[in-house]
Amino acid sequence: MDQELWPYGLRVMVIDNNSSYLSVMEELLIKCSYRVKTYKNVGEAMSFIYGNTQTVDLIISDVFFPTEDGLLVLQEVTSKFDIPTVIMSSNGDTSTVMKYITNGASDFLIKPVRIQELKNIWQHVFRKQIGKNRKMSNNVQQVDQLSSYPPIVLAPPPPCATRTTEISDEATATLESAARDQIDTTVTDIRDLRKPRLSWTVQLHRQFIEAVNSLGGEKAVPKKILEIMNVKHLTREQVASHLQVINSELFL
DNA sequence: ACACTAATAT
DNA sequence: AATATTAGTG
């Protein structure tokens, strides 16, 4: 059976002028182990994108009815940066949705957005990349070839992504053993991982990302990350070094 | 003293 | 390119 994978650390920008809804979105996205950056206004969001190319994997923007700034974001971003953009609105009438989709929106979510829908948005990122690569090679694209490390790591899914289950009896057994496997692959000690130097395996990196996310943006400093990761023989310096790289690839 | 970060070294 | 070490700051 194929190992299920999850795109840890996918960098998602959310734009919405309603700050309480922004927080809701942030919380949901963090539960999905994405990295999240939120903006209340379109201008700041766009200037971040202009100043930091290649640091946003996906944008989720409100429509900003009636000014339709959401549409501007969409047109700007799709024409200049090719970042998949998802539009949110509380109004889901067909003509509205159609307008955004025809202008290049990757998806249209109707508020309130449920976490189940956010678990699926990562696919838009990979869709775009597959679209780009398809003409140059007829090789079957392996999903792990599309991942870029360290910004995005494919690893077993986080608890939030537990599949919407209709559980058949034997499937239950499979899931349980999969869960056990996942526990078994959690790194608790790096003695054998540090050959000459430490290797940040996907498991270790996943724990790192989860620790960072659980601390939330600002407070994610090496010492606290280290505490939360709870990995023997891992040093604060090693975490700091890794954090530096992650942050230079930006986001947080 | 300690921890953080940016810069630099390996 | 990835990880470790150093050096300056609070």
Open item on the list: Rounded to whole Å, please give me the gap between CG in A:Leu226 and P in B:dC4.
Closed with: 10 Å
TODO: Take the protein atom CZ of A:Arg197 and the nucleotide atom C1' of C:dA2, then report the distance between them rounded to whole Å.
DONE: 6 Å
- [ ] Give me the one residue out of A:Leu29, A:Asp16, A:Ile15 that meets side chain to side chain contact (heavy atoms under 4.5 Å, CB included) with A:Ile60.
- [x] A:Leu29
Open item on the list: From the set B:dA3, B:dT10, C:dT5, return the single nucleotide nearest to any side-chain atom of A:Ser241.
Closed with: C:dT5
Task: Side chain of A:Leu243 - closest among C:dA2, B:dT5, C:dT5 - done: B:dT5
Task: A:Asn247 CG - B:dA6 C1' separation (whole Å) - done: 12 Å
Task: Verdict with supporting geometry, A:Ser89 and A:Asn91, side-chain hydrogen bond (donor to acceptor under 3.5 Å, both in side chains) - done: CA-CA 5 Å; A:Ser89 167; A:Asn91 173 9; 5.4 Å; no
Open item on the list: Do A:Met98 and A:Leu109 land in one hydrophobic cluster if side-chain heavy atoms of ILVMFWY residues count as linked below 4.5 Å?
Closed with: no
- [ ] Considering just the side-chain nitrogens and oxygens of A:Arg236, establish if one lies under 4.0 Å of OP1 or OP2 belonging to B:dC4.
- [x] yes
Open item on the list: Any salt bridge linking A:Asp62 with A:Lys111? Criterion: basic side-chain nitrogen under 4.0 Å from a carboxylate oxygen.
Closed with: yes
- [ ] Just compare C:dT5, B:dT5, B:dT10 and give me whichever is closest to any side-chain atom of A:Ala240.
- [x] B:dT5
Open item on the list: B:dA7, OP1 or OP2 - any side-chain N/O from A:Gln244 closer than 4.0 Å?
Closed with: no
- [ ] Please report, rounded to the nearest Å, how far the P atom of B:dA3 is from the CD atom of A:Gln238.
- [x] 16 Å
Task: Gap between atoms CD1 and P, on A:Ile246 and C:dT3 respectively (whole Å) - done: 10 Å
Task: Atom-pair distance (CG on A:Leu234; C1' on C:dT3), nearest Å - done: 12 Å
TODO: Let me know the distance between CD of A:Glu237 and C1' of C:dA7, rounded to the nearest Å.
DONE: 14 Å
